[in-house]
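What follows is one structure encoded as structure tokens, with my remarks underneath.
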Amino acid sequence: MNRPYYKKQRNNNSARGGYSGGRNSGPRPAFGQSNGRKMTTFNPSHLVSEAKEFVPQEVFVPTHQFADFDLDTRLKLNINAKNYVTPTPIQDQAIPAMLEGRDVIGIANTGTGKTAAFLIPLIDKVLKNRNKKVIILAPTRELAVQIRDEFEEFSRGMSIYSVLLIGGVKSFRQKQDLRREFNFVIGTPGRVKDMIKERQLRLDQFDSVVLDEADHMVDIGFIHDVKFFISLLPKNRQSLFFSATIDGKVKEILASFVQNPITVSVKTHDTVDAIEQDVIKVESQNKKIDQLHDLLIQKNYEKVIIFGRTKWGVQKVSDELVRRGFRAGAIHGNKNQNQRQRTLTMFKRNEISILLATDVAARGLDIDDVSHVINYDMPASYEDYIHRIGRTGRANKKGTALTFVG
């Protein structure tokens, strides 16, 4: 990698710091808080141990293979083309219930294979009856695009069409797509609501609906929109609900959404178990970018996601890394959807090796072979931390998560 200056690499021990106190050294401040002093008491290993206290460490033994499911032959061929043989826990338990037409509540973390868990039976349903229509709601544009991309892989060669409804791009093309023959709509609440208000979309035509990452939809303020959508759906429908947590306002949605559901809970922290976690003590704010530089020039930092707190801060760090010769790009709310998607595609194709992002990218993105996640800024909550570091250590591979503290 070209390094225009600052070529000298400090001893790694000077950049990487440990925890200055034990479990009994006093209360830990919440993420992003300092209790009036420098925050040096954060230790990600505590989060891992706390998570394990609540999750039985069991070895999953599948009861099915994908070949066992009663699926259309064409769909099975596309599943085989993705080298899917043994289902993940949520796929193994949820797919049979969905194929029976049951409502399902799936309690699962991101990265557990839930997208395939609902796409496979829904595609099979449409293959058996071309009059069926499915709407899938996701909290972020990136997740909606990812679901659409996975849908296209599973439905290849079947003449089943989808419409992607997301903000950040002009709606003219989306309106055209809604006038054509389609079976799937995949979208975010904001743009879906726009299309309903403009009478481009009628939800009473959909007999299958998926709410993906419902807890995140609530967190970012979409609860009233989701309730509005539910009121427009036909009563006779198949409802599939996926969330990492079910409490508080999420229960309000659930009460009116599903009927006689089967609950599948596979909320585990296997991804955390596969991640080595450590902290980086910030020597001074003026040297923070130099400490990041020292990490990134190490040869094992092959594919890195760096999380920051603000759009402005993420862009500033990205620009500085590019100036220093790194292949980096940024995604955040000040970029339009085409820019964000182009940067993500470049990262997935290894055209850039460093992706900087705000927490808009922490939910649901499935990117292969991420070697490191770096929390350049502290996450706002435990859940954000878990979702951030879950971008690495996927698909039975090891990963590393580092958090800058100080």
Side-chain angles (χ1 to χ4, degrees), residues 110 115 119 133-152 161-180 182-203 205-206 209-233 242-243 249 253 307-312 314-315 318 329-348 355-367 384 387:
T110 184
T115 303
L119 281 179
K133 289 187 183 295
V134 178
I135 184 165
I136 301 169
L137 293 168
T140 66
R141 301 168 190 172
E142 283 75 18
L143 181 55
V145 170
Q146 185 172 291
I147 294 169
R148 189 277 313 272
D149 291 346
E150 197 158 348
F151 163 81
E152 290 185 346
Y161 302 108
S162 68
V163 179
L164 181 67
L165 300 181
I166 59 174
V169 294
K170 293 181 179 179
S171 62
F172 176 74
R173 174 66 183 272
Q174 296 173 1
K175 291 175 182 178
Q176 283 188 318
D177 290 342
L178 286 172
R179 295 188 188 106
R180 297 170 182 161
F182 65 86
N183 291 100
F184 281 75
V185 166
I186 302 164
T188 51
R191 183 52 60 90
V192 169
K193 187 176 182 181
D194 290 342
M195 293 298 180
I196 293 171
K197 287 185 172 181
E198 295 178 31
R199 299 187 178 182
Q200 301 292 323
L201 183 67
R202 289 178 50 183
L203 293 193
Q205 297 176 339
F206 293 86
V209 58
V210 180
L211 293 184
D212 195 15
E213 305 222 355
D215 53 338
H216 191 42
M217 284 196 220
V218 169
D219 289 343
I220 59 180
F222 285 130
I223 183 169
H224 296 298
D225 290 341
V226 172
K227 288 180 176 180
F228 171 64
F229 299 152
I230 293 172
S231 72
L232 300 178
L233 290 164
F242 293 88
S243 184
K249 292 184 178 180
I253 297 173
F307 283 105
R309 186 168 51 250
T310 67
K311 296 176 283 188
W312 177 84
V314 162
Q315 190 61 52
S318 176
I331 59 172
H332 51 71
N334 284 347
K335 302 253 186 177
N336 66 41
Q337 185 58 32
N338 288 334
Q339 291 173 320
R340 284 156 61 171
Q341 198 56 45
R342 185 163 55 248
T343 300
L344 279 173
T345 299
M346 291 174 66
F347 187 61
K348 289 180 178 180
L355 178 68
L356 294 99
T358 52
D359 283 301
V360 68
R363 287 271 182 166
L365 286 184
D366 189 4
I367 300 172
D384 287 344
H387 282 292

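In this text, all values refer to a predicted model and were calculated from it rather than measured experimentally.
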Nearest-0.5 Å distance that lies between atom [atom1] in [X] and atom [atom2] in [Y]:
{"X": "Y161", "Y": "N183", "atom1": "OH", "atom2": "CG", "answer": "10.0 Å"}
{"X": "F229", "Y": "L201", "atom1": "CZ", "atom2": "CG", "answer": "9.0 Å"}
{"X": "I230", "Y": "L137", "atom1": "CD1", "atom2": "CG", "answer": "9.0 Å"}
{"X": "R141", "Y": "L344", "atom1": "CZ", "atom2": "CG", "answer": "12.5 Å"}
{"X": "L119", "Y": "S162", "atom1": "CG", "atom2": "OG", "answer": "10.0 Å"}
{"X": "I253", "Y": "M217", "atom1": "CD1", "atom2": "CE", "answer": "7.5 Å"}

[X] side chain near [Y] side chain, heavy-atom distance below 4.5 Å:
{"X": "V192", "Y": "M195", "answer": "no"}
{"X": "L211", "Y": "V226", "answer": "yes"}
{"X": "L355", "Y": "I331", "answer": "yes"}
{"X": "F347", "Y": "I367", "answer": "yes"}
{"X": "Q315", "Y": "N334", "answer": "no"}
{"X": "T310", "Y": "T358", "answer": "no"}

- Task: Please step through side-chain contact (heavy atoms from CB on, under 4.5 Å) for the pair V145 and Q337, ending with a clear verdict.
- Result: CA-CA 10 Å; V145 170; Q337 185 58 32; 4.1 Å; yes
Shortest non-hydrogen separation from [X] to [Y] and the atoms involved:
{"X": "K335", "Y": "A330", "value": "CE-O, 3.5 Å"}
{"X": "R191", "Y": "G167", "value": "NH2-CA, 3.6 Å"}
{"X": "L178", "Y": "Q200", "value": "CD1-O, 3.7 Å"}
{"X": "G190", "Y": "F222", "value": "N-CE2, 4.1 Å"}
{"X": "P139", "Y": "I220", "value": "O-CD1, 3.6 Å"}
{"X": "D177", "Y": "F182", "value": "O-CD2, 4.0 Å"}

- Please list, chain by chain and in numerical order, all residues satisfying side-chain contact (heavy atoms from CB on, under 4.5 Å) with A144, sequence neighbours excluded. A138, L164, I166, I186, T188
- According to the side-chain hydrogen bond (donor to acceptor under 3.5 Å, both in side chains) rule, which pairs have a member within residues 220-231, sequence neighbours left out? K193-D225, K227-E252
- Task: Would you confirm whether S318, through its side chain, and V314, through its main-chain N or O, come within 3.5 Å as a donor-acceptor pair?
- Result: no
- Item | T140 side chain to L143 backbone, donor-acceptor under 3.5 Å | yes
- Should the heavy atoms of other residues, nucleotides or ligands under 6.0 Å from CZ of R180 be counted, would the total exceed 12? yes
- Message: Within a 6.0 Å radius of atom NZ on K249, are there more than 12 heavy atoms belonging to other residues, nucleotides or ligands?
- Response: no
- Item | Results of side-chain hydrogen bond (donor to acceptor under 3.5 Å, both in side chains) for E198 - residues two or more places apart only | K175
- Given the rule in the side-chain contact (heavy atoms from CB on, under 4.5 Å) test, do N338 and V169 qualify, once you have shown the distances and angles that lead to the verdict? CA-CA 7 Å; N338 288 334; V169 294; 3.6 Å; yes
- Message: Checking F184 against F151 for the ring pair (Phe, Tyr, Trp, His ring centres under 6.0 Å) test, could you report, in this order, the C-alpha distance in whole Å, the side-chain angles of both residues, the deciding distance, and whether it holds?
- Response: CA-CA 9 Å; F184 281 75; F151 163 81; 4.6 Å; yes
- Task: With E142 as reference, evaluate R340, K348, R148 under the salt bridge (charged side-chain N to carboxylate O under 4.0 Å, His left out) test and give the passing residue.
- Result: R340
- Message: Assess the residue pair L232 and I196 against the criterion (side-chain contact (heavy atoms from CB on, under 4.5 Å)); give the C-alpha distance rounded to whole Å, side-chain angles, the decisive distance to 0.1 Å, and a yes or no.
- Response: CA-CA 10 Å; L232 300 178; I196 293 171; 3.9 Å; yes
